[in-house]
Amino acid sequence: MNRKLQTIIIDDEELARLRLIRLLKNYSDIINIIGEAVNGEDGLKKIEELKPDLIFLDIEMPVYNGFEMLSKLEDPPRVVFTTAYDQYAIKAFEEDSVDYLLKPIEAERLELTMKRLEKENKSDAVSLPIESLLKQLNTKKDTKTLTVKIGDRILLIKPENIAYIQAEDKYVFLCCLDGKKHLTDFTVSGLESKLPDTFIRINRSTLINTDHISEIRKGFNGTLIFVMKDKEAVKLSSSRRYGEVLREHFEI
């Protein structure tokens, strides 16, 4: 694929936004700017509304900073940080494969970022650097149980009894080995940060418990199909976006 990346610029400094927009005009064959946002809250709304492929994101902003905003997204787009952080912080982002631009943004440095994005775009590669960073920021806890409310009762569900977790429309369900599905108030991303590393995401709406996979099959276009050990032997398909990461995880 070789198409323009639909892009939103999120920064509370108007001059910084205008400078970046001016510099990005040189890359109109790669970038299509579809919106701007002035803080983290505004950024969330614009991302939900416009569904961008890419965001240029400031870190220090009102309401939610850049990290807080990203943690609230179920399916973050690709991210290029625009930040005034010192070089030590920037180095940490760079080593984690998260792209960044140090303010004031220089044309030469932006060119390196754009070459990287153009290469990914042409190869149809989709990197997940921001998810790796968010996992480091939100260290998983050793959660022993998850609570589920049923009327005036509260059930305690042990993670080891959960085969997979799936979002359906606005609802998230804990799907257990015995075939029962329990509605939870948590988001998929919230559960991903709470549960042990045996739970991994295979698409935007699904986490699976790798302890309860009976087999893995190859699907179309680099996807994988996971056959679970629950009562129904449910088959769950990964998305193309997560395919490469999952193949590396399972050494397929």
Side-chain angles (χ1 to χ4, degrees), residues 1-3 5-6 30 51-55 70-71 73-81 92-100 113 115-140 143 159-168 172-177 187-230 232-252:
M1 178 182 68
N2 184 13
R3 66 179 182 84
L5 293 168
Q6 305 304 301
I30 305 171
K51 310 294 184 187
D53 304 304
L54 172 72
I55 56 176
L70 288 170
S71 70
L73 291 170
E74 282 286 340
D75 189 21
R78 277 180 277 184
V79 177
V80 176
F81 285 115
F93 297 159
E94 186 175 34
E95 290 181 349
D96 203 62
S97 300
V98 176
D99 235 331
Y100 74 92
T113 300
K115 284 181 178 179
R116 175 180 179 180
L117 287 169
E118 184 177 25
K119 183 178 179 181
E120 287 187 357
N121 204 32
K122 284 183 176 179
S123 66
D124 198 23
V126 181
S127 58
L128 300 174
I130 191 59
E131 293 183 10
S132 175
L133 178 61
L134 288 175
K135 284 182 180 178
Q136 291 184 30
L137 293 173
N138 298 298
T139 305
K140 292 191 176 185
T143 301
E160 58 265 33
N161 293 330
I162 300 171
Y164 62 99
I165 294 164
Q166 196 161 49
E168 299 176 12
V172 177
F173 294 92
L174 309 179
C175 304
C176 296
L177 293 170
T187 64
V188 173
S189 292
L191 288 167
E192 186 178 21
S193 68
K194 288 176 68 67
L195 291 167
D197 290 330
T198 53
F199 286 83
I200 61 172
R201 193 188 288 249
I202 62 169
N203 58 48
R204 179 178 180 179
S205 60
T206 309
L207 292 172
I208 62 172
N209 187 342
T210 56
D211 285 343
H212 299 314
I213 300 171
S214 62
E215 63 178 273
I216 302 174
R217 303 172 185 174
K218 292 185 178 180
F220 294 106
N221 297 322
T223 62
L224 297 172
I225 299 170
F226 297 88
V227 183
M228 307 307 294
K229 293 180 181 178
D230 64 312
E232 306 298 328
V234 167
K235 299 179 181 65
L236 302 169
S237 180
S238 72
S239 65
R240 291 182 63 190
R241 181 179 185 204
Y242 288 83
E244 183 176 350
V245 172
L246 290 167
R247 285 192 295 275
E248 289 180 4
H249 180 85
F250 291 102
E251 299 182 350
I252 297 174

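These numbers come from a predicted model, not from an experiment.
Ion pairing of R3 with D53 is present here, as a side-chain N (NZ or NE/NH1/NH2) and a carboxylate O approach within less than 4.0 Å.
In this structure, the side chain of R247 engages the main chain of G222 through a donor-acceptor pair within 3.5 Å. Side-chain N or O atoms of N161 include none that pairs as donor or acceptor with a backbone N or O of C176 at under 3.5 Å.
The distance from atom CD of E192 to atom CD1 of I200, rounded to the nearest 0.5 Å, is 9.5 Å. Rounding to the nearest 0.5 Å places CG of L224 at 9.5 Å from CD1 of I213. Rounding to the nearest 0.5 Å gives a distance of 10.5 Å between OG of S238 and CG of N221. The distance from atom CG of L174 to atom CD1 of I165, rounded to the nearest 0.5 Å, is 5.5 Å. A distance of 10.0 Å separates OG1 in T198 from CG in L207, rounded to the nearest 0.5 Å. Here the straight-line distance linking atom OH of Y164 with atom CG of D230 works out to 5.5 Å at 0.5 Å rounding.
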Practice prompt. Check the pair V234, F226 against side chain to side chain contact (heavy atoms under 4.5 Å, CB included), reporting the backbone distance first and the verdict last.
Written response: CA-CA 8 Å; V234 167; F226 297 88; over 6 Å; no
Item to complete: Apply side chain to side chain contact (heavy atoms under 4.5 Å, CB included) to H212 and L177, showing your working.
Response: CA-CA 8 Å; H212 299 314; L177 293 170; 3.6 Å; yes
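Smallest separation of non-hydrogen atoms from V188 and R204: CG1-O, 4.3 Å. Contact detail for V227 and A233: the closest heavy-atom pair is CG1-O, 4.1 Å. The minimum heavy-atom distance linking A163 with M228 is given by the pair O-CE, 3.3 Å. The minimum heavy-atom distance between Q166 and T206, with the atom names listed, is NE2-OG1, 3.3 Å. What you find for P52 and P77 is that their closest heavy atoms are O-CB, 3.4 Å. When all heavy atoms are compared, the tightest approach of I202 to Y242 is O-CB, 3.5 Å.
The shortest distance between side-chain heavy atoms of V172 and L191 falls below 4.5 Å. Contact check for L5 versus R78: side-chain heavy atoms found under the 4.5 Å cut-off. The shortest distance between side-chain heavy atoms of L54 and L117 falls below 4.5 Å.
Counting only N and O atoms by type, the side chains of N203 and S205 include a donor and acceptor under 3.5 Å apart.
Remark: R217 engages E215 in a side-chain hydrogen bond (donor to acceptor under 3.5 Å, both in side chains) (not counting sequence neighbours).
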